[in-house]
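First up is the structure itself, then whatever we jot down about it.
This structure is a prediction, so every number in the text was calculated from the model and none was measured.
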Amino acid sequence: MIDVNKIKSNFSNSSTSYTSNAVLQKQIAQDLFYIALKFFPNHLGGDTTYFNILDVGCGTGFLGGLFSNINSNSGNYPTIYQLDIAHNM
């Protein structure tokens, strides 16, 4: 059985060093970002007036940061909702 409280505690306790050690996680986030740009061009930087992004398990928010820099042709930025079980992340 998965101990959710232990996972939550471990990630919260390592939050201060997570960013500097999460090399693979950053690469995967960047790959996902470019895949999203390729498959959703009309929503990400296209003609959409507004769009929302839900990032579940966001960790330190690295992926959300990449999406936050997107500006659609209409001049609007995305609304990004980020959730993580470890509150210190």
Side-chain angles (χ1 to χ4, degrees):
M1 178 178 252
I2 297 173
D3 185 347
V4 175
N5 288 325
K6 185 171 179 97
I7 293 170
K8 182 178 178 179
S9 174
N10 287 343
F11 274 103
S12 286
N13 291 337
S14 67
S15 64
T16 56
S17 62
Y18 184 86
T19 299
S20 61
N21 293 310
V23 176
L24 179 61
Q25 289 86 341
K26 285 181 187 176
Q27 183 61 54
I28 291 169
Q30 289 173 334
D31 291 347
L32 179 60
F33 175 71
Y34 291 117
I35 289 169
L37 287 178
K38 179 179 176 181
F39 285 100
F40 302 105
N42 292 332
H43 295 288
L44 304 175
D47 294 325
T48 303
T49 304
Y50 65 91
F51 52 99
N52 298 311
I53 297 171
L54 175 61
D55 185 2
V56 178
C58 65
T60 58
F62 180 76
L63 181 58
L66 295 175
F67 281 108
S68 71
N69 292 317
I70 293 175
N71 185 357
S72 70
N73 291 340
S74 63
N76 294 320
Y77 291 90
T79 300
I80 302 170
Y81 301 94
Q82 296 178 303
L83 305 170
D84 199 280
I85 192 171
H87 298 287
N88 289 345
M89 293 296 270

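- Taking both residues in full, the closest heavy atoms of S20 and S17 are given as OG-O, 3.1 Å, listed atom of the first, atom of the second, then distance.
- Scanning all heavy atoms of the two residues, the minimum distance from S12 to H87 falls at OG-N, 3.7 Å.
- Rounded to the nearest 0.5 angstrom, F33 CZ and F62 CZ are separated by 9.5 Å.
- Formation of a donor-acceptor pair under 3.5 Å by the K26 side chain with backbone atoms of N21 is not found in this model.
- To the nearest 0.5 Å, the span separating CG on L54 from CG on L83 amounts to 5.5 Å.
- Cluster annotation: L66 is connected to L32 through the hydrophobic network of ILVMFWY side chains, with a link wherever side-chain heavy atoms come within less than 4.5 Å.
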Residue pair F11, I85: steps toward the side chain to side chain contact (heavy atoms under 4.5 Å, CB included) verdict:
CA-CA 9 Å; F11 274 103; I85 192 171; 5.8 Å; no

Which atom pairs, one a donor and one an acceptor, fall under 3.5 Å between side chains of residues 2-10 and the rest of the protein, sequence neighbours left out?
unit_1	atom_1	unit_2	atom_2	d
D3	OD1	N5	N	3.3
D3	OD1	K6	N	3.2
S9	OG	N13	ND2	3.4
N10	ND2	K6	O	3.4

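- Y18 and V23 are members of different hydrophobic clusters when ILVMFWY side chains are connected at heavy-atom separations under 4.5 Å.
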Y81 vs I53, side chain to side chain contact (heavy atoms under 4.5 Å, CB included): CA-CA, chis, key distance, verdict
CA-CA 6 Å; Y81 301 94; I53 297 171; over 6 Å; no

